Protein chains: 2
Amino acid sequence: MEDVLFDFLSKYVSLTEEEKNAILSLDIFHSVKKGTILLKEGQKSKDSYFVLKGCIRTYYILEGEEKTTAFYTEMEAVTPHCVISKTPSEYYISCMEDTILTISDSDMEVEMNGKFPKFETLCRMFSEELLVKQQIDFDKFKTSSPEQRYLDLIQKRPDLIQRVPQRQLASFLGIAPQSLSRLRARILEKGKA
Amino acid sequence: MEDVLFDFLSKYVSLTEEEKNAILSLDIFHSVKKGTILLKEGQKSKDSYFVLKGCIRTYYILEGEEKTTAFYTEMEAVTPHCVISKTPSEYYISCMEDTILTISDSDMEVEMNGKFPKFETLCRMFSEELLVKQQIDFDKFKTSSPEQRYLDLIQKRPDLIQRVPQRQLASFLGIAPQSLSRLRARILEKGKA
DNA sequence: CACATTTCTTAACTTAAGTGAAGGGCCCGA
DNA sequence: TCGGGCCCTTCACTTAAGTTAAGAAATGTG
């Protein structure tokens, strides 16, 4: 599992053995069971997550309804809002499957950034990359219909459609679960004709 | 204008005179006329922008239609997708008003990051902050109706509604211009009743 | 100033999403 | 194994957004 992480990190910077050992000594690898809630609304947390295997999701509870806004799967990272803003979390994070991930808190990161400038470079590059990726996703979302968003999802993240309940996909696509059902039926109908 | 920038940066790190001078020596301050196009589709660019005064927007041209996806006003920054991905730009950036901004290219940033670790810390903190802010915006967008998004915009960025053409606001809100007109009429009607 | 262009609004119609309700399938626990 | 609950689907109905079109208002240009 360590190798999976280091392979990933090597896309950004090349780490020495010393640096790798420093990361390993933080004891950040964790295995969590399906259903585990990593973060709750109202909670203050300093933890960031990086998924090595499995899937986690972020969701709000609005008017008693779960609204899923993001899924993170293999090689994806989340730093919750509350970690940066230092305010209580507005959303939940839970495990969709048995998941292996790293958990690193912001104190660790500050310390590592101080000790190893390369680590800060890594964090900067990574968050810059996430920022532009997310911007592209947001732009795409704004300029597409729900149907187009669903078709795009089939192309870009086909695995999600298999591993995630329909109702959660629906709110991820910004629509009601019934609308997703109908939209899927509509697409099938078109395919036949 | 320099002071406006340094005041802003002081929210993240405190800079020495030497560091400030290093920034000033880069000659990054520019004044651009309304209508200037800073980046075109298909162009490769290394430039990032930080708006000191004025307003710029990013937009796509899809099926011959302009689709505005973001506005950047005072104290906001953009690093276009193409700078990070090193591919031709998929969108345009233009000036909505006479604008004063900083333009810094990625070579400059690499050099500054090498010379002043504090500068890299600044960039990391800033992009981490933007990332979570944008995540919150995206979540809000997904979980709101167009009407609610417009009402939120009145609260959060009332200036935009004044300084930006309606049709551009519409695509920023993810709807057709006619729908925004209708929606506004609907809200007014409710307000009366 | 006058003309051309673009933008905003309104309206009528079409299409799709929201909503409430009901039924079937599936899993889980009693 | 039976029953309860949850999820997905379907349907009918409501509401709102997309679309096409037309006219009024505003903007920019020569």
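Reminder, nothing fancy here: chain letters follow the sequence lines and each chain counts from 1. Please read these numbers as outputs of a predicted model, since none were measured by experiment.
- In this model, no donor atom of one side chain and acceptor atom of the other lie less than 3.5 Å apart for T79(B) and E128(A).
- Within the structure, salt bridge (Lys or Arg N to Asp or Glu O under 4.0 Å) contacts touching residues 6-23 of chain A (residues at least two apart or in different chains) are E19(A)-K118(A).
- For Y150(A) and dC8(D), the OH to P distance is 12 Å, given to the nearest whole Å.
- In this structure, the CG atom of L183(A) is 13 Å from the C1' atom of dT15(C), given to the nearest Å.
- Remark: P of dA26(D) and CD of Q162(B) are 15 Å apart, rounded to the nearest angstrom.
- Toward the 5' end of DNA chain D, the nearer of the two residues P146(B) and S181(A), judged by each one's closest nucleotide, is S181(A).
- Nearest to the side-chain atoms of Q166(A) among the listed nucleotides dT9(D), dA17(C), dT9(C) stands dT9(D).
- Each salt bridge (Lys or Arg N to Asp or Glu O under 4.0 Å) pair with one or both residues in residues 59-75 of chain B, not counting sequence neighbours, appears once here: R57(B)-E66(B), E74(B)-R163(B).
- Taking the six-membered ring where the residue is Trp, F138(A) and F138(B) present parallel rings, their angle staying beneath 30° rather than reaching 60°.
- Of the candidate nucleotides dC8(D), dA21(C), dA17(C), dA17(C) has the atom lying nearest to any side-chain atom of I175(A).
- Rounded to a whole Å, the CD1 atom of I187(B) is 13 Å from the P atom of dT10(C).
- Here the side chain of R186(B) is nearest to one of dT9(D), dA17(D), dA12(D), namely dA17(D).
- Distances from the side chain of Q178(B) to the nucleotides dA21(C), dT9(C), dA17(D) place dT9(C) closest.
- Out of dT10(D), dT7(C), dA17(C), the shortest distance to the side chain of S179(A) is found at dA17(C).
- Within the structure, every side-chain polar atom (N or O) of K34(B) is placed at least 4.0 Å from both OP1 and OP2 of dT27(D).
- Between dC7(D), dT9(C), dT10(D), one nucleotide has an atom nearer to the side chain of R184(B) than all others, and that is dT9(C).
- Ranking dT7(C), dA21(D), dA17(C) by closeness to the R182(A) side chain, first place goes to dA17(C).
- The CZ atom of R167(A) sits 14 Å away from the P atom of dG18(C) (whole-angstrom rounding).
- For P165(A), the side-chain atoms get nearest to dC8(D) when compared with the rest of dA17(D), dC8(D), dT9(D).
- Here the CZ-CZ distance, from F141(B) to F172(B), works out to 8.5 Å after rounding to the nearest 0.5 Å.
- Counting to the nearest Å, the C1' atom of dC7(D) and the CG atom of L180(A) are 12 Å from each other.
- When the C1' atom of dA16(D) is taken as reference, atom CD of E189(B) falls 16 Å away, rounded to whole Å.
- Relative to the side chain of A176(A), the nucleotides dA17(D), dT19(C), dC8(C) differ in distance, and dT19(C) lies closest.
- Across the protein-nucleic acid pair, Q148(B) atom CD and dG18(C) atom P stand 15 Å apart, rounded to whole Å.
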